[in-house]
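Scroll down for the structure; my scribbles are underneath it.
Because only heavy atoms are used, hydrogens play no part in the values below, and waters and symmetry mates are left out as well, while side chains stay in. To find a chain, count down the sequence lines: A is the first, B the second, and so on, and within it residues start at 1.
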There are 2 protein chains.
Amino acid sequence: MEQSKRSITIRDVAKKSGVSVSTVSRVLNGKVDVAKTTKNHVLKIIDELGYSTNLAARSMRSQKKNLIGLIMPDIAYPYAIEIMKGVNQAIAESEFDLLVYTSGDVRKRGHVTSEQKYITLLAKSISDGVIVVAPVASEYNIDKPIVSIDPVMSNPTYPSVHATNYEGSTEAMEYLIGLGHQRIGFIGGRVELESANQRLAGYRNALEKAGIPIDEQLIVSGDYTTKTGIEGGQRLLLLEDRPSAIFASNDQMAMGVYQIAEKLDLQIPGDFSLVGFDNIPESKYLGLTTVDQFISEMGYAATQMLIRIINEVPEENQTLKIRTQLVVRNSCRPYGEKKN
Amino acid sequence: MEQSKRSITIRDVAKKSGVSVSTVSRVLNGKVDVAKTTKNHVLKIIDELGYSTNLAARSMRSQKKNLIGLIMPDIAYPYAIEIMKGVNQAIAESEFDLLVYTSGDVRKRGHVTSEQKYITLLAKSISDGVIVVAPVASEYNIDKPIVSIDPVMSNPTYPSVHATNYEGSTEAMEYLIGLGHQRIGFIGGRVELESANQRLAGYRNALEKAGIPIDEQLIVSGDYTTKTGIEGGQRLLLLEDRPSAIFASNDQMAMGVYQIAEKLDLQIPGDFSLVGFDNIPESKYLGLTTVDQFISEMGYAATQMLIRIINEVPEENQTLKIRTQLVVRNSCRPYGEKKN
DNA sequence: TTGAAAGCGCTAACAG
DNA sequence: CTGTTAGCGCTTTCAA
């Protein structure tokens with residue numbers, strides 16, 4: 001791609017105002033040791049030329065950028081959006097601006113291994129610190145603070161915000177068991193995810209504690225998408241001995257189960273009960289019983305944590321846990337009622 | 001903020017592998033003219049050192065960055081999210097990555113005038129082109145392609161994607177008028193927004209065309225938030241001579257009207273009809289009749305447009321119009337039915 | 001108060 | 001195939 005007109009640089013400004021580049025730089029950075037006359041003149045030229053700093057160049061030289069990077073594999077799914085809402089709020093309250101980086105699709109990054117590196121890089125080059133969502137790498141040799149949300153490792157070496165996946169899952173199961181359910185289906189996430197394993201662990205332990213034998217047939221796995229929720233739900237609901245309840249380990253999948261139940265003409269509750277996890281707005285409208293994951297809280301907390309670290313330079317290698325909470329909502333329409 | 005350990009640079013890699021920096025650079029950029037042995041060796045060192053490119057530096061030298069910038073005033077409201085979904089999808093299908101820039105809150109940028117400049121700047125420095133959502137400035141002296149979505153100006157000098165606000169608004173009004181309504185309330189957006197004015201124009205013209213006198217009392221203004229929807233709705237619904245229908249010029253505000261209607265114990269439809277604009281997912285669950293604005297389509301289209309411009313370097317100063325469409329949905333629950 | 005000059009980390013000719 | 005040499009646009013000493 002050819003660029004006909006070159007950007008106007010600090011040099012152009014210097015030339016036109018008849019001063020040196022260093023002087024212009026000083027004006028630009030509000031240094032005190034510039035004569036008022038010179039300053040005003042340069043400012044005028046800057047305005048005339050419509051000059052604006054090249055951040056890339058600047059950030060190569062100076063330290064503080066007032067910029068925080070948020071790195072996400074994908075930006076369009078509900079979980080990501082909730083995180084961003086939280087981060088966004090913390091950013092709005094701060095003196096920092098936000099740069100969200102994404103490759104648009106989880107799958108795209110799989111190809112190039114260096115992608116991971118590349119991504120981190122970018123943020124590190126031009127920001128004061130980064131927030132990484134669900135990172136897979138455990139090591140980031142970065143010279144900037146980094147806070148992660150829901151990392152794959154349960155004990156990363158950098159500060160992180162974790163959801164209480166295990167506790168939440170346990171709570172959800174206790175709720176269902178309390179309702180009298182004995183056969184409870186589980187739809188899990190990908191095994192690479194720490195969160196998925198913890199949720200599954202909560203499922204297993206709750207059953208064990210209740211003295212209910214575990215039927216491996218009732219455990220199916222998905223990948224936190226509605227699609228796999230539909231598949232998993234179908235598989236469970238078409239079993240000879242259908243479970244009387246399903247615990248979908250995230251809301252997206254719960255919505256999938258919801259859809260397939262409609263198609264199979266099954267009532268919720270009635271034919272079976274359904275509980276989701278990771279409350280997202282849509283599920284509210286479907287009246288799903290859900291474990292509230294305070295997703296946006298995590299974004300908010302992580303951002304504040306990062307800002308504190310940036311500003312106060314402490315060795316804050318802490319871990320923050322955001323509690324889950326079982327929220328039982330009334331449905332906005334009777335479960336299973338047909339749309340027409 | 002002190003940075004104790006310096007980042008490892010291409011120089012460190014070069015030194016440790018006993019080659020020159022240029023060779024390392026070649027390896028990094030996948031040039032062909034590097035001996036396989038050297039290449040592997042360098043790669044190994046890179047890995048050992050955990051080196052990663054400093055993008056700021058790189059982008060200063062080379063042209064193509066495979067990075068597109070998206071500039072948004074705020075990132076957390078539904079409209080923004082829909083746009084991002086569209087952009088995200090186009091990005092996922094492309095060879096580009098995405099960098100979303102935001103200051104987190106519309107209000108924050110108001111303060112500094114240079115903010116606008118600063119923002120644009122950033123994207124321009126490190127990306128191949130930018131997409132700007134609802135820009136207020138008409139001029140961006142930028143040397144990179146820029147595509148805007150829903151700009152304030154109706155005829156900006158750069159490529160842009162517009163919604164057919166006027167047409168959509170007209171359609172919505174014709175729908176309501178077709179239902180027999182004579183007194184139709186309107187809740188508008190901020191007058192600075194071109195979109196708001198066009199929607200209002202659609203409202204006025206449709207009434208005029210139908211020979212219905214315009215009652216200025218029925219026109220209230222908001223700012224596209226649920227809050228002002230509530231206020232506007234309240235104002236309209238508490239009028240002596242209540243309108244029989246309300247056209248809220250975006251869905252957020254329609255949801256506000258919906259809420260206040262519930263509080264006032266009014267049925268929709270029954271006591272009055274309600275039409276929204278800019279379909280967002282939530283409204284679907286509330287069963288709102290809505291003018292579908294294909295918000296995410298706009299993001300998608302803008303991104304594709306930008307990519308085409310970047311790759312093919314045409315003087316594509318076109319304007320693209322995304323059509324609105326009136327979507328009448330069945331309610332997911334009978335209007336006005338009480339939640340309990 | 002200002003300018004000259006030295007780099008930041010990187011890529012891109014140009015020689016070898 | 002590889003090293004040397006220039007810079008990219010900016011900030012920052014160090015002198016003047």
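Separating the CG atom of B/L49 from the C1' atom of C/dG9 is a distance of 15 Å, rounded to the nearest angstrom. Distance B/I8 CD1 to C/dC8 C1': 16 Å, rounded to the nearest Å. Atom pair A/K15:NZ and D/dG9:P shows a separation of 11 Å (rounding to whole Å applied). Across the protein-nucleic acid pair, A/D12 atom CG and D/dC8 atom C1' stand 13 Å apart, rounded to whole Å. Straight-line distance from the CD1 atom of B/I10 to the C1' atom of D/dC8: 15 Å, rounded to whole Å.
Proximity of B/K39 to B/R26: side-chain heavy atoms (C-beta onward) are nowhere separated by under 4.5 Å. Using a 4.5 Å heavy-atom threshold, the side chains of A/L98 and A/L70 count as touching. Counting heavy atoms from C-beta on, the side chains of B/Y77 and B/E82 never come closer than 4.5 Å.
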**OP:** Carefully, step by step, assess A/L28 and A/I46 under the rule side chain to side chain contact (heavy atoms under 4.5 Å, CB included).
**Re:** CA-CA 9 Å; A/L28 249 26; A/I46 287 180; 3.3 Å; yes

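Residues forming a salt bridge (charged side-chain N to carboxylate O under 4.0 Å, His left out) with B/K16 (at least two apart in sequence, or on another chain): B/E48.
The shortest heavy-atom contact between B/Y51 and B/I8 is CD1-O, 3.3 Å.
B/S17 places no side-chain N or O within 3.5 Å of a backbone atom of B/V19 that could act as its donor or acceptor partner.
Comparing the local axis fitted to the first five base pairs of the helix from C/dT1-D/dA16 to C/dG16-D/dC1 with the one fitted to its last five gives a bend of 40°, rounded to 10°.
The distance from the CD1 atom of A/I149 to the CE atom of A/M72 is 7.0 Å, given to the nearest 0.5 Å.
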Could you go through nucleotides 2-4 of chain C and list every protein N or O atom that sits under 3.5 Å from one of its N or O atoms, giving the distance for each pair?
from	atom 1	to	atom 2	distance (Å)
C/dT2	OP1	A/T38	OG1	2.4
C/dT2	OP2	A/A35	N	2.8
C/dT2	OP2	A/T38	OG1	3.4
C/dG3	OP2	A/S20	N	3.0
C/dG3	OP2	A/S20	OG	3.1
C/dG3	OP2	A/T23	OG1	2.4
C/dG3	N7	A/R26	NH1	3.4
C/dG3	O6	A/R26	NH2	2.4
C/dA4	N6	A/S22	OG	3.2

